[in-house]
Protein chains: 2
Amino acid sequence: MPHNHEAILNHVKADMPADEVLQDLGDLFKIFGDTTRIKIMYALHEDEMCVCAIAELLNMTQSAISHQLKVLKAANLVASRRDGKTIYYRLSDDHVKSIIAQGYDHLTE
Amino acid sequence: MPHNHEAILNHVKADMPADEVLQDLGDLFKIFGDTTRIKIMYALHEDEMCVCAIAELLNMTQSAISHQLKVLKAANLVASRRDGKTIYYRLSDDHVKSIIAQGYDHLTE
DNA sequence: TTGTCATATGAACAATTGCTCATATGTTCA
DNA sequence: TGAACATATGAGCAATTGTTCATATGACAA
């Protein structure tokens, strides 16, 4: 007979958030799981930047950056403002910085 | 003439970590970017569990769980110990908890 | 050894994803 | 209005990824 997990399962189940929450958590981290997006967020760490400046910094296409900024914006990780033809992006809150900092800690522990 | 970014680019470049670090950061978060792995880490939040208990908890194949545990272990996010035929997995450090907690904060702010 | 339980692993397939290219939208200025 | 600049967007393609299935490894007991 395979061994029994009833006790631990009941205990853990009681502490697990709803499936939907865990799904949302995964979706959020998925966004951090791409080097280009990490670079963009890091670039915005101190100051806002326009799209073409980010593209130049990362040596990538304006289109590629724009696509990624859309993803970041949809997740509320960046915000933007328009000034004439130019659109400036910035981090939308401090969670971005703390999440990246925690990841960095894990890597360099 | 397109507008000039020299000043901001020089400033930001000075603050950017090496490409390799940013790549590693992305790779780390990529691991958090999957619901199954998030669930596994959450399940191990309080106590160690054996592979088949995790599989039963998540209602998934033993094989699928084993594959994911391998990924988590390679990233130093979980550790394991053997007790007879059974192998128990646990979180390997507290960064896992804090990273998940930060993500949770962002979602529920 | 043989059988059984617990776990690991490799190949294969479907689904997702990030970039490119072409083009569209929106703003400013002449 | 027309031209130029800044950004956004849709389709398509190559690469990555998570699961399944079959099977291998490892431990224990008879």
Side-chain angles (χ1 to χ4, degrees), chain A residues 1-5 8-9 19 22-23 25-41 43-44 48-75 77-90, chain B residues 1-5 8-9 22-23 26-41 43-44 48-75 77-90:
Chain A
M1 170 177 50
H3 69 273
N4 184 292
H5 319 112
I8 178 97
L9 286 190
D19 255 49
L22 296 167
Q23 175 79 50
L25 259 179
D27 289 345
L28 174 65
F29 285 119
K30 201 169 291 175
I31 295 174
F32 284 82
D34 174 76
T35 308
T36 300
R37 289 191 292 264
I38 287 279
K39 285 181 181 175
I40 292 175
M41 290 187 275
L44 302 179
E48 63 179 15
M49 289 179 77
C50 64
V51 179
C52 58
I54 300 174
E56 193 178 337
L57 174 70
L58 304 192
N59 199 31
M60 291 180 63
T61 305
Q62 173 268 321
S63 176
I65 300 299
S66 193
H67 277 295
Q68 297 298 13
L69 284 170
K70 188 178 187 177
V71 173
L72 291 170
K73 193 168 187 180
L77 296 170
V78 303
S80 62
R81 72 178 177 87
R82 175 183 282 277
D83 178 16
K85 286 175 286 189
T86 307
I87 298 187
Y88 291 95
Y89 281 85
R90 63 180 181 280
Chain B
M1 169 178 50
H3 70 273
N4 184 293
H5 320 111
I8 178 97
L9 286 190
L22 297 167
Q23 176 79 49
D27 290 345
L28 174 64
F29 285 120
K30 200 168 292 174
I31 295 174
F32 284 81
D34 174 76
T35 309
T36 300
R37 288 191 292 263
I38 287 278
K39 285 181 180 176
I40 292 175
M41 290 187 275
L44 302 180
E48 63 179 15
M49 289 179 76
C50 65
V51 179
C52 59
I54 300 174
E56 193 177 338
L57 174 70
L58 304 192
N59 199 31
M60 290 181 64
T61 305
Q62 173 269 321
S63 176
I65 300 299
S66 193
H67 277 296
Q68 297 298 13
L69 284 169
K70 188 178 186 176
V71 173
L72 291 170
K73 193 167 186 180
L77 295 169
V78 303
S80 63
R81 72 178 177 88
R82 174 183 283 277
D83 178 17
K85 285 176 285 190
T86 307
I87 298 186
Y88 292 94
Y89 281 85
R90 62 180 181 282

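Predicted, not measured: the structure shown is a model, and the values here were computed from it. Chain identifiers are assigned alphabetically (A, B, ...) following the order of the sequence lines, protein sequences preceding nucleic acid strands; residue numbering begins at 1 within each chain.
The distance between atom CG of B:Leu72 and atom P of D:dG18, rounded to the nearest whole Å, is 10 Å. Here C:dG18 presents its P atom at 14 Å from CZ of A:Phe32, a figure rounded to the nearest Å. Rounded to whole Å, the distance from CE on A:Met60 to P on D:dA8 is 15 Å. Going from atom CD of A:Glu48 over to atom C1' of D:dA6 covers 15 Å, rounded to whole Å. The distance between atom NZ of B:Lys85 and atom C1' of D:dA27, rounded to the nearest whole Å, is 7 Å. Summarising the geometry, the separation between CZ on A:Arg82 and C1' on C:dG26 is reported as 6 Å, rounded to the nearest angstrom. Whole-Å rounding puts the A:Lys30 NZ to C:dA15 C1' distance at 11 Å. Going from atom NE2 of B:His5 over to atom P of D:dC5 covers 13 Å, rounded to whole Å.
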Step by step, would you call B:Arg81 with B:Arg90 a side-chain contact (heavy atoms from CB on, under 4.5 Å)? CA-CA 9 Å; B:Arg81 72 178 177 88; B:Arg90 62 180 181 282; 4.2 Å; yes

Let's go through B:Leu57 and B:Ile40 carefully: what are the C-alpha distance in whole Å and the side-chain angles of both, what is the deciding distance for side-chain contact (heavy atoms from CB on, under 4.5 Å) to 0.1 Å, and is it a yes or a no? CA-CA 9 Å; B:Leu57 174 70; B:Ile40 292 175; over 6 Å; no

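Residues A:Gly33 and A:Asp83 each lie close to DNA chain C; by heavy-atom proximity, the contact nearer the 5' end of the strand is made by A:Gly33. Nearest-nucleotide assignment on DNA chain D puts the 5′-proximal partner with A:Lys70, out of A:Lys70 and B:Arg37.
With hydrogens and angles ignored, no donor-acceptor pair closer than 3.5 Å exists between the side chain of A:Gln62 and the base of D:dA6.
The side chain of A:Asp34 lies closest to C:dG18 when the candidates are D:dG18, C:dG26, C:dG18. Here the side chain of A:Ile87 is nearest to one of C:dC5, D:dA8, D:dC5, namely D:dA8. Across D:dG26, D:dT19, D:dT20, the shortest atom-to-atom separation from the side chain of B:Thr61 is found for D:dT20. Distances were taken from every side-chain heavy atom of B:Thr36 (C-beta onward) to each of D:dT9, D:dA6, D:dT19; the shortest belongs to D:dT19. With C:dT20, C:dA6, C:dG26 as the candidates, the nucleotide lying closest to the side chain of B:Thr86 is C:dA6.
Residue A:Ser66 is in base contact, counting any heavy-atom pair closer than 4.0 Å across all strands shown. Residue A:Tyr89 is in sugar-phosphate contact alone, with no base atom involved, counting any heavy-atom pair closer than 4.0 Å across all strands shown. Residue B:Ser63 is classed as a base contact, given a heavy-atom separation below 4.0 Å to a base.
Within the 3.5 Å criterion, the main-chain N or O of B:Lys30 finds a donor-acceptor partner in the side chain of B:Arg37.
Atom CG of B:Leu58 sits about 9.5 Å away from atom CG of A:Leu22, to the nearest 0.5 Å. Residue A:Leu69 holds its CG atom at 11.0 Å from CG of A:Leu77, rounded to the nearest 0.5 Å.
An aromatic stacking contact between A:His67 and the base of C:dC19 is absent, as defined here by ring centres under 5.5 Å apart and ring planes under 30° from parallel.
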